[in-house]
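Report on one structure; see the data block that follows.
Order of the sequence lines fixes the chain letters, A, B, ..., with proteins taken first and strands second; residue numbering starts at 1 for each chain.
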Number of protein chains: 4
Amino acid sequence: MTAVQDVVSTIRTLRREVAELHTELTRNRLVVWTAGNVSARVPGRDLLVIKPSGVPYDGLTEDLMVVTDLEGGLVDGEHLPSSDTAAHAYVYRHLPEVGGVVHTHSTYACAWAALGRPVPCVLTMMADEFGGDIPIGPFARIGDDSIGRGIVETLRDSRSRAVIMQNHGPFTVGRDAREAVKAAVMCEDVARTTYLAMQLGDPIRIPDDDIHALFDRYQNVYGQH
Amino acid sequence: MTAVQDVVSTIRTLRREVAELHTELTRNRLVVWTAGNVSARVPGRDLLVIKPSGVPYDGLTEDLMVVTDLEGGLVDGEHLPSSDTAAHAYVYRHLPEVGGVVHTHSTYACAWAALGRPVPCVLTMMADEFGGDIPIGPFARIGDDSIGRGIVETLRDSRSRAVIMQNHGPFTVGRDAREAVKAAVMCEDVARTTYLAMQLGDPIRIPDDDIHALFDRYQNVYGQH
Amino acid sequence: MTAVQDVVSTIRTLRREVAELHTELTRNRLVVWTAGNVSARVPGRDLLVIKPSGVPYDGLTEDLMVVTDLEGGLVDGEHLPSSDTAAHAYVYRHLPEVGGVVHTHSTYACAWAALGRPVPCVLTMMADEFGGDIPIGPFARIGDDSIGRGIVETLRDSRSRAVIMQNHGPFTVGRDAREAVKAAVMCEDVARTTYLAMQLGDPIRIPDDDIHALFDRYQNVYGQH
Amino acid sequence: MTAVQDVVSTIRTLRREVAELHTELTRNRLVVWTAGNVSARVPGRDLLVIKPSGVPYDGLTEDLMVVTDLEGGLVDGEHLPSSDTAAHAYVYRHLPEVGGVVHTHSTYACAWAALGRPVPCVLTMMADEFGGDIPIGPFARIGDDSIGRGIVETLRDSRSRAVIMQNHGPFTVGRDAREAVKAAVMCEDVARTTYLAMQLGDPIRIPDDDIHALFDRYQNVYGQH
């Protein structure tokens with residue numbers, strides 16, 4: 001198989017994976033209407049696969065997915081790419097270890113976004129997945145590089161796979177798109193539980209050395225190998 | 001095709017669309033039992049298509065939809081029109097750019113209704129969709145023009161597609177019924193997130209010039225063209 | 001058809017209706033596991049049809065329904081009647097206009113139950129359906145007539161179709177079982193919205209004369225005739 | 001049938017039951033992604049059946065279930081056992097009357113976990129099922145016996161079938177796996193209702209002698225016999 005056939009085949013697979021992963025966003029109630037998107041990097045190419053703009057989640061088939069370059073320029077697809085493509089592309093340009101990006105407006109993460117406060121690490125599940133607090137990124141207008149820059153600068157100072165952009169909502173990353181979707185699901189889950197605990201009293205912080213031990217075990221031991 | 005055949009065909013299409021859009025109300029959990037309704041204006045005619053009164057959402061087929069004039073008088077249909085028809089009709093009479101109206105008793109919008117307080121604009125999604133706060137309309141008894149008048153007077157002073165009537169619930173409008181349904185979904189979503197943020201602290205308001213920039217971009221650029 | 005055939009046919013119909021109405025309890029998320037039940041009076045007979053005790057909602061077919069007399073004694077059925085049968089039977093004995101009773105442990109109604117506070121009338125939907133506040137009934141142990149007595153004494157002083165028993169949960173009544181189920185759905189809905197409004201501030205009470213006008217219109221005009 | 005055939009048949013049945021019971025966890029929204037698990041003791045053998053580690057709930061067939069000894073060592077299965085197996089095994093070793101164990105990260109129970117406060121008994125449903133408050137277990141790192149020890153020491157001092165481990169989440173037990181799943185469902189339900197009541201005011205505690213009477217009746221009389 002030639003290198004060209006190879007990338008064609010890879011893109012076909014990624015189109016299907018990215019399309020299917022959007023069902024996890026609706027199933028986990030992370031999105032309403034069309035407001036959320038998943039993308040995947042095409043490994044070894046300056047390309048990404050992403051949801052089209054303004055299209056409902058029902059019937060979001062692989063054919064509708066859009067391929068762009070890492071500046072967000074349309075490469076392949078019959079629809080316009082998501083209006084958040086510039087942010088996704090910026091992340092791939094500046095964080096080479098990232099293979100998947102997810103953006104949602106999930107409810108509790110957005111409540112933290114409106115407050116501009118990081119989610120404190122008071123649950124072992126949060127230590128496992130995020131290795132500490134979920135940080136807040138800066139306020140940024142939509143449409144230029146300022147969102148992407150805010151994501152990258154915030155994640156560089158953190159072990160977290162999630163950043164909550166102020167007044168906006170969460171962006172999550174992973175080694176692939178599935179891992180980024182998992183981080184989006186877990187981000188909303190811990191944003192909700194932590195929010196609820198803070199409403200009733202003062203949640204107990206997990207000591208830093210326990211957070212480190214939990215994170216290390218989960219990232220290196222958990223799951224099937 | 002004659003003009004008469006034309007309007008018959010248009011009404012048939014609108015009956016189907018209005019019937020189908022009610023499934024978005026249940027899917028997005030905006031309504032319980034029979035308490036919510038969608039209508040559409042028949043373009044170029046003093047007619048509207050609306051849900052029948054007191055009929056469950058299951059099996060709400062196009063045949064059950066009701067056609068009335070813009071005073072709410074029955075024109076075609078085997079059931080009585082929704083008890084909210086007078087309010088819908090008033091909106092169509094006084095706001096010629098409106099092609100669709102939706103009324104629900106969605107939970108968080110109704111909590112704001114009971115408080116009589118506008119929903120503050122602390123989320124980019126809210127700036128995008130509503131261009132600022134979601135305003136509160138006056139308290140009004142059901143059954144005469146006072147609800148319709150309250151909706152129209154409130155929306156005229158606002159860019160918002162949603163108004164929350166005090167002690168009652170949200171009404172939303174759009175260029176067509178689908179856009180009004182989208183506004184109803186987004187209204188509940190931002191009413192919930194904003195509510196949650198206010199429970200935990202002081203959400204950060206988005207500066208007015210950023211709201212204007214977000215609203216302008218979203219209304220003019222977003223989606224497929 | 002003989003009178004005996006007639007009552008056999010009526011009971012068969014009621015078994016099916018009561019069985020089917022339990023799906024509304026799960027669909028509206030009013031119950032978990034087996035903790036909730038619907039009953040119907042057999043018109044003109046000192047009999048009722050009710051859910052069996054401790055049976056899951058899946059596969060709750062008409063054959064499993066139980067017929068008892070109005071003291072709760074088993075008349076027909078292969079299972080024991082619901083452990084709440086004594087309370088249902090007491091209501092039918094003392095409120096002859098009641099044809100259906102529903103009991104749930106729905107979340108927000110139970111939060112009010114734990115507080116022992118009536119739900120204040122701050123929504124037009126609540127004025128429509130309940131004609132004012134939803135009252136609180138006394139604390140009562142399960143197993144004798146004290147629950148039934150608490151329900152009846154509380155409802156006699158109210159226009160409400162719902163009473164929330166302290167530390168326990170809501171009971172609702174109707175002219176038939178379907179109306180009682182509707183009241184259970186609406187009770188939870190307004191218990192939730194009112195709760196949420198009270199968390200954020202002071203909800204605006206609807207003036208008494210407006211409550212009366214709304215209740216009168218809704219009970220006498222709304223729906224299909 | 002030989003004793004060996006007998007245990008093979010029992011394990012096959014338990015694999016199916018344990019696999020199916022995981023659908024109750026998702027149906028009742030007690031878990032997200034892969035974060036929750038059910039196990040069952042193999043009666044009369046030092047063996048247990050448990051969910052594999054890191055496998056999604058969809059398509060969690062009986063073939064994927066794992067059999068371990070009561071030290072958590074793999075006995076049969078093609079996947080690694082749940083990373084919580086050590087805690088389950090510890091419970092079976094030290095509480096011989098326990099035949100099923102469930103662990104979730106259900107939302108409201110986890111909010112109490114973050115606060116480190118027991119859930120107070122303010123609902124008759126809670127007196128019925130748990131016989132009093134739901135206790136809090138100590139903070140413990142994941143990976144050794146400290147979680148199992150915390151569960152056992154806490155449950156020994158209580159009639160409750162649920163313990164909420166601080167900063168972590170609930171573990172529940174039962175005479176079989178189904179009873180432990182029911183306890184997990186009820187634990188989240190009362191954790192939520194009690195939480196909501198405490199947000200709005202001071203819930204009324206049920207007097208101790210009423211708790212005892214309710215618990216005794218429910219454990220000995222309720223359900224089909």
Side-chain angles (χ1 to χ4, degrees), chain C residues 26 29-36 51-58 64 66 77-84 103-117 119-120 136 138-144 146-147 164-169 188 191-192 194-200, chain D residues 20-21 23-25 27-30 106-108 119-129 174 178-179 181-207 209-225:
Chain C
T26 49
R29 299 182 177 271
L30 304 186
V31 290
V32 296
W33 214 250
T34 66
K51 176 180 175 291
S53 178
V55 173
Y57 292 105
D58 285 4
L64 295 176
V66 180
E78 299 182 10
H79 291 74
L80 293 177
S82 162
S83 63
D84 297 304
H103 173 46
T104 78
H105 292 141
S106 64
T107 302
Y108 284 86
C110 282
W112 289 99
L115 292 164
R117 285 159 58 179
V119 185
I136 290 285
F139 177 78
R141 284 198 190 172
I142 297 167
D144 62 16
S146 55
I147 293 182
I164 297 175
M165 295 298 282
Q166 182 190 309
N167 293 118
H168 187 163
E188 178 64 7
R192 179 172 48 229
T194 304
Y195 171 94
L196 293 171
M198 291 187 70
Q199 286 280 84
L200 201 56
Chain D
E20 285 175 4
L21 283 168
T23 65
E24 292 289 342
L25 302 190
R27 181 154 71 137
N28 288 281
R29 300 182 177 272
L30 304 187
S106 64
T107 302
Y108 284 86
V119 185
C121 186
V122 298
L123 295 162
T124 54
M125 179 194 265
M126 199 169 163
D128 287 349
E129 178 73 22
R178 184 170 183 80
E179 198 171 69
V181 169
K182 181 191 177 192
V185 172
M186 302 306 257
C187 175
E188 178 64 6
D189 196 68
V190 299
R192 179 171 48 230
T193 308
T194 303
Y195 171 93
L196 293 171
M198 291 187 69
Q199 286 279 86
L200 200 56
D202 287 315
I204 301 165
R205 284 197 74 90
I206 301 178
D209 59 333
D210 286 308
I211 291 177
H212 298 326
L214 288 162
F215 183 70
D216 182 61
R217 185 199 69 89
Y218 189 79
Q219 298 300 326
N220 297 308
V221 179
Y222 182 73
Q224 302 294 330
H225 303 286

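- For the pair D:L123/D:E129, no side-chain contact is recorded, criterion being any heavy-atom separation below 4.5 Å from C-beta on.
- With respect to chain C, the highest number of heavy-atom pairs below 4.5 Å among D:R205, D:Q199, D:R192, D:M125 belongs to D:Q199.
- For D:E24, the part lying near chain C is the side chain, with the backbone staying farther off; criterion is any non-hydrogen pair under 4.5 Å.
- With chain D as partner, the option from C:C110, C:A111, C:G169 having the largest number of non-hydrogen pairs under 4.5 angstrom is C:A111.
- For a residue to count as touching a neighbouring chain, one of its non-hydrogen atoms must lie under 4.5 Å from one of that chain's; by this rule C:D58 touches chain D with the side chain only.
- Side-chain contact between D:T124 and C:M165 is absent, with no heavy atoms from C-beta onward closer than 4.5 Å.
- Only the side chain of D:L214 comes within contact range of chain C, with at least one heavy atom under 4.5 Å from a heavy atom of that chain.
- Within the 4.5 Å cutoff, the side chain of C:T34 has no heavy atoms near those of the C:V55 side chain.
- Of all non-hydrogen atoms in D:L196 and C:Y195, the two that sit nearest each other are O-OH, 2.7 Å.
- A heavy-atom distance below 4.5 Å is found between the side chains of C:F139 and D:I206.
- If you measure heavy-atom distances from D:D189 to chain C, the contacts under 4.5 Å come from the side chain alone.
- Proximity to chain C is limited to the side chain of D:M186, based on heavy atoms less than 4.5 angstrom apart.
- The shortest side-chain heavy-atom distance between C:V66 and C:L80 does not fall under the 4.5 Å cut-off.
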